[in-house]
Protein chains: 2
Amino acid sequence: MLKISKKADYALMALQHIATVQFGDVTPGRVVNTKEIAEEYNIPLELLAKVLQTLAKNALIESHNGPKGGYVLARRAHQITIAQILESIEGPLGITDCSHEKDGEFCMQRENCHIRTPLLKVQDSIAQLLNSMTLQDMMGGTPLITIQSPAVQGVER
Amino acid sequence: MLKISKKADYALMALQHIATVQFGDVTPGRVVNTKEIAEEYNIPLELLAKVLQTLAKNALIESHNGPKGGYVLARRAHQITIAQILESIEGPLGITDCSHEKDGEFCMQRENCHIRTPLLKVQDSIAQLLNSMTLQDMMGGTPLITIQSPAVQGVER
DNA sequence: ATGGTCTCCGATCAATAAGGTCGTATTAAC
DNA sequence: GTTAATACGACCTTATTGATCGGAGACCAT
């Protein structure tokens with residue numbers, strides 16, 4: 001349960017790869033193309049391409065067209081959070097269906113629902129966790145870091 | 001993203017209802033049947049029945065057959081965690097596909113994956129959160145409680 | 001004890017989303 | 001102009017979810 005999609009998985013792998021190539025010690029600043037990533041991690045090429053296009057559309061990476069083209073991070077690795085990556089691919093975080101309902105529409109006709117509030121607390125906690133982790137935390141050159149833990153306090157009803 | 005299924009949603013509502021009826025002030029010890037819950041929350045009857053059957057099979061509730069039958073909590077409300085409920089319906093918690101792989105099978109042929117370890121940390125953190133919340137935290141008679149926040153420390157690689 | 005009712009239970013079906021594929025257009029380097 | 005790369009859109013295939021149907025078993029009243 002609570003599984004993230006494979007597309008999101010691919011996005012994380014790809015960004016981790018781009019980040020380590022771009023900011024690593026070996027060949028800093030290099031542009032990396034789709035094929036390279038697909039072969040490295042055995043990801044279907046066309047599917048990965050779609051994922052990268054989505055990431056580019058959401059301004060997480062920049063695309064360079066033509067020969068010797070490829071993708072480059074749009075920001076520094078520590079400025080790209082895991083939450084941003086996942087939300088780019090899978091849409092906004094939402095534990096339940098009623099998480100992002102506009103006013104006027106309710107989940108189950110009438111507000112008999114007593115579990116909404118506590119579930120939203122859980123959701124916030126997860127959101128804080130994913131927002132506190134960045135791409136840099138997944139890079140090879142960063143052996144050990146400490147991440148501020150989320151807090152869920154005051155769950156009512 | 002990270003949305004839980006409607007079945008799990010129904011399970012939470014149903015258990016919350018059973019718990020408040022059983023341990024609440026109004027009619028303590030009462031047995032509650034599927035139809036009552038379905039009508040109260042506008043849940044498809046047969047689908048809810050299946051959910052409750054699953055919960056009974058996982059020993060979270062006890063089923064009483066025949067007229068005046070229905071369901072009763074198998075344990076006290078504070079001994080049933082949200083994680084147990086969700087896992088009963090949706091299977092074990094797993095952010096990625098490679099979360100519960102038996103030895104021998106790897107996600108993407110070979111272990112080039114650099115995101116596995118940090119993702120497992122995220123998963124553990126969510127698991128701790130869901131295990132720290134119980135049904136009691138969702139009951140009406142419990143206005144305000146404090147939940148121990150999960151900790152993610154030492155994300156490496 | 002036996003009929004009738006009420007419940008749980010198992011198998012089945014339809015809708016939706018995910019995962020993956022293919023072909024073509026567009027862009028930039030040489 | 002040719003080549004090599006991304007961009008874009010349509011399509012298919014499969015798996016999961018959501019929902020439905022009919023029957024089996026248990027309890028209570030008579």
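Quick note on labels: first sequence line is chain A, next is B, and so on, each numbered from 1. Quick caveat, the model's predicted, so the values are computed rather than measured. Heavy atoms only: backbone and side chains are in, while hydrogens, waters and symmetry mates are out.
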Separation of [X] atom [atom1] from [N] atom [atom2], in whole Å?
| X | N | atom1 | atom2 | result |
| --- | --- | --- | --- | --- |
| A:Ile37 | D:dA5 | CD1 | P | 13 Å |
| B:Gln53 | D:dG25 | CD | P | 15 Å |
| A:Asn65 | C:dC30 | CG | P | 14 Å |

OP1 or OP2 of [N] sitting under 4.0 Å from any side-chain N/O of [X]?
| X | N | result |
| --- | --- | --- |
| B:Tyr10 | D:dA19 | yes |
| A:Lys6 | C:dA17 | no |
| A:Thr34 | D:dT6 | yes |

Residue met sooner reading DNA chain D from 5', once A:Asn33 and B:Leu47 are mapped to nucleotides
A:Asn33
If you check every side-chain atom of A:Pro67, which of C:dA28, C:dT7, C:dG19 has the closest atom?
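Taking heavy atoms from C-beta onward, the closest nucleotide is C:dA28.
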Checking contacts here: which listed nucleotide (D:dC21, C:dA29, D:dT6) is nearest the side-chain heavy atoms of A:Lys68?
C:dA29
Please examine the side chains of B:Met13 and B:Ile37, heavy atoms only from C-beta on, and report whether any two atoms are closer than 4.5 Å.
no
Quick one: closest heavy-atom pair of B:Arg75 and B:Ala59, and the distance?
NH1-O, 3.5 Å
Please lay out, stage by stage, how B:Arg30 and B:Glu36 fare under the test salt bridge (charged side-chain N to carboxylate O under 4.0 Å, His left out).
CA-CA 12 Å; B:Arg30 211 184 93 227; B:Glu36 173 183 333; 2.7 Å; yes
Sugar-phosphate only, base, or nothing, as touched by A:Lys3 at under 4.0 Å among non-hydrogen atoms
nothing
Tell me what B:Lys50 touches on the nucleic acid: a base, only sugar-phosphate, or nothing, going by heavy atoms under 4.0 Å.
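Base contact - B:Lys50 has a heavy atom under 4.0 Å of at least one base atom.
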Between B:Lys35 and B:Glu46, which residue's closest nucleotide on DNA chain C lies nearer the 5′ terminus?
B:Lys35
Between A:Ala8 and B:His64, who's closer to the 5' end of DNA chain C by nearest nucleotide?
B:His64
Is there a side chain to side chain contact (heavy atoms under 4.5 Å, CB included) between A:Tyr10 and A:Leu47 once you walk through the steps?
CA-CA 9 Å; A:Tyr10 297 157; A:Leu47 183 56; 3.6 Å; yes
